[in-house]
Amino acid sequence: MVILHTKFAGFTRTLLVAFLIFVVVVFLFHPGRFAASYDFIDKSDIFRHLVTVPPPENITKPLCPMISYSKNSSHGSYLLDLNFKESEISSGGRWEPANCIAQHKIALIIPYRNRKKHLSTFIDYIHGFLQSQFIEYSIYVVEQSPKLAFNRGLLFNIGYTWALQQEQIPCFIFHDVDLLPESLENIYACTDMPRHMSSSVNTFRYNLPYGTLFGGVVAMLQAQFQMINGFPNRYFGWGGEDDDLFMRVINKGMSIARFAPDISRYYMLPHIKESSTAENTQQLQYVSDYQDRDGLNDYIRYCSVIKDKLFPLYTLITADLQLPVGYEKLNQ
């Protein structure tokens, strides 16, 4: 009897340990462990919030159809099987539907350096994606020279300004080169508030890590981007500029719009991740102080040479950057 009791007690302990291990594993690997819930525009209201381009007065073609919100999303697979004809794309990466009038016109701005394979994959994928949505678009790749640490925000400002010098564009999408959209329901267009498009990325287990995240892929109307004075120019190295951008939006009395997680899904191309620099983290405390004088209105101080070259599938803007006098004086 004592032997049986001892064996039973040992078996019970084993089960308890196994259960505890199971609970810990579930906790560690559960997709929503560190997820932040967020408000999003309901599918039935998306069209009401999207900002369309007014059609010309004397139209000779019908308006292009809008994406239907049904069960078309690729929730079970990563990437869509999309095709496009290079011969239909104008030099510099410009395209518009031939048989209908696009209801959305955008410029895609992509900061870039030393990601040749990623850029090739992204360009081949995004053309088919945008054409499937009947979007009129232009693609601008902004490449930074190797002299200084990478400055994502400054490259976005350069691309935005350069694109406006070429054509009138109502909507800008600021896009990392390593993110590929998975759902055609994720319309590449602007809403009546600045829009965070990539709130559901595979590397975060398709969850939003924290509620104020405003990086990856962001869409803004020209008027919205001008109001916040664009991206900050001060962030050399990884991190900080997207959190700064969020605060700029809030400081100007706007809020962030998002679509549902099942629409906002992105696949991130594999790459080595970097850590945020201490200097960039420190600069976040000065956003309110320098927002109105660090951004679109002074980005040119950081540029020594800017030039462009038209490729068949995109316009390449190359920029040599410099540190202006007084850069280190963060609080002045």
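It should be emphasised that the depicted structure is a prediction, and the values quoted were computed from it without experimental measurement.
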Subject >> Closest non-hydrogen atom pair, A102 against I135 >> reply: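 Scanning both residues, the minimum pair turns out to be CB-C, 4.5 Å.
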**OP:** Over all heavy atoms of both residues, which pair between S264 and M197 is shortest? Give the atoms and the distance, please.
**Re:** CB-O, 3.3 Å
**OP:** For the pair F174 and Y160, name the ring-plane relationship: parallel under 30°, tilted 30 to 60°, perpendicular over 60°.
**Re:** tilted
Check the side chains of [Y] and [X] for a donor-acceptor pair under 3.5 angstrom, ignoring hydrogens and angles.
{"X": "S138", "Y": "Q166", "value": "no"}
{"X": "Q131", "Y": "E88", "value": "no"}
{"X": "D243", "Y": "Y210", "value": "yes"}
{"X": "N151", "Y": "Y235", "value": "no"}

**OP:** Please say which of F134, F172, F129 ends up in a ring pair (Phe, Tyr, Trp, His ring centres under 6.0 Å) with Y188.
**Re:**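 Filter result, single survivor: F129.
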Original post:
More than 12 foreign heavy atoms under 6.0 Å from NZ of K309: is that the case here?
Top reply: no
**OP:** For the pair V142 and I110, evaluate side-chain contact (heavy atoms from CB on, under 4.5 Å) and give the outcome as yes or no after the intermediate values.
**Re:** CA-CA 6 Å; V142 191; I110 304 124; over 6 Å; no
The criterion is ring pair (Phe, Tyr, Trp, His ring centres under 6.0 Å); which residues satisfy it with [X], sequence neighbours excluded?
{"X": "Y137", "answer": "W95, H127"}
{"X": "F236", "answer": "Y327"}
{"X": "F246", "answer": "none"}

State yes or no: are the ring centers of [X] and [Y] separated by less than 6.0 Å?
{"X": "Y206", "Y": "Y266", "answer": "no"}
{"X": "F259", "Y": "F40", "answer": "no"}
{"X": "Y314", "Y": "F311", "answer": "yes"}
{"X": "Y112", "Y": "H175", "answer": "no"}
{"X": "H196", "Y": "Y38", "answer": "no"}

Subject >> Within residues 107-119 or reaching into it, pairs that qualify as salt bridge (charged side-chain N to carboxylate O under 4.0 Å, His left out) - sequence neighbours excluded >> reply: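 Listed once each, the pairs are R115-D178.
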**OP:** Scan for salt bridge (charged side-chain N to carboxylate O under 4.0 Å, His left out) pairs involving residues 150-159, sequence neighbours excluded, and state none if there are none.
**Re:** R152-D176, R152-E241
Could you state whether [X] and [Y] fall into the same hydrophobic cluster, counting links through intermediate Ile, Leu, Val, Met, Phe, Trp or Tyr residues with side-chain heavy atoms under 4.5 angstrom apart?
{"X": "V218", "Y": "M254", "answer": "yes"}
{"X": "I187", "Y": "V51", "answer": "no"}
{"X": "L310", "Y": "I139", "answer": "no"}

Any sub-3.5 Å donor-acceptor pair from [X]'s side-chain atoms to [Y]'s backbone N or O?
{"X": "N157", "Y": "L155", "result": "no"}
{"X": "Q144", "Y": "L148", "result": "yes"}
{"X": "N233", "Y": "D294", "result": "no"}
{"X": "H104", "Y": "C171", "result": "no"}
{"X": "N280", "Y": "G240", "result": "no"}

**OP:** Report the C-alpha separation of N229 and R248 in whole Å, then their side-chain angles, then the decisive distance to 0.1 Å, and conclude whether the side-chain contact (heavy atoms from CB on, under 4.5 Å) test is met.
**Re:** CA-CA 8 Å; N229 197 23; R248 286 170 177 250; 4.0 Å; yes
Original post:
Can you list every pair that meets side chain to side chain donor-acceptor pair (under 3.5 Å) and has a residue in residues 44-54, with sequence neighbours left out?
Top reply: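 As it turns out, the side chain to side chain donor-acceptor pair (under 3.5 Å) pairs with a partner in residues 44-54, which skip direct neighbours, are D42-S44, H49-D192.
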Original post:
Can E136 and R94 be counted as an ion pair, charged N to O under 4.0 angstrom?
Top reply: no
Subject >> K43 with D262: basic N within carboxylate O range, under 4.0 Å >> reply: yes
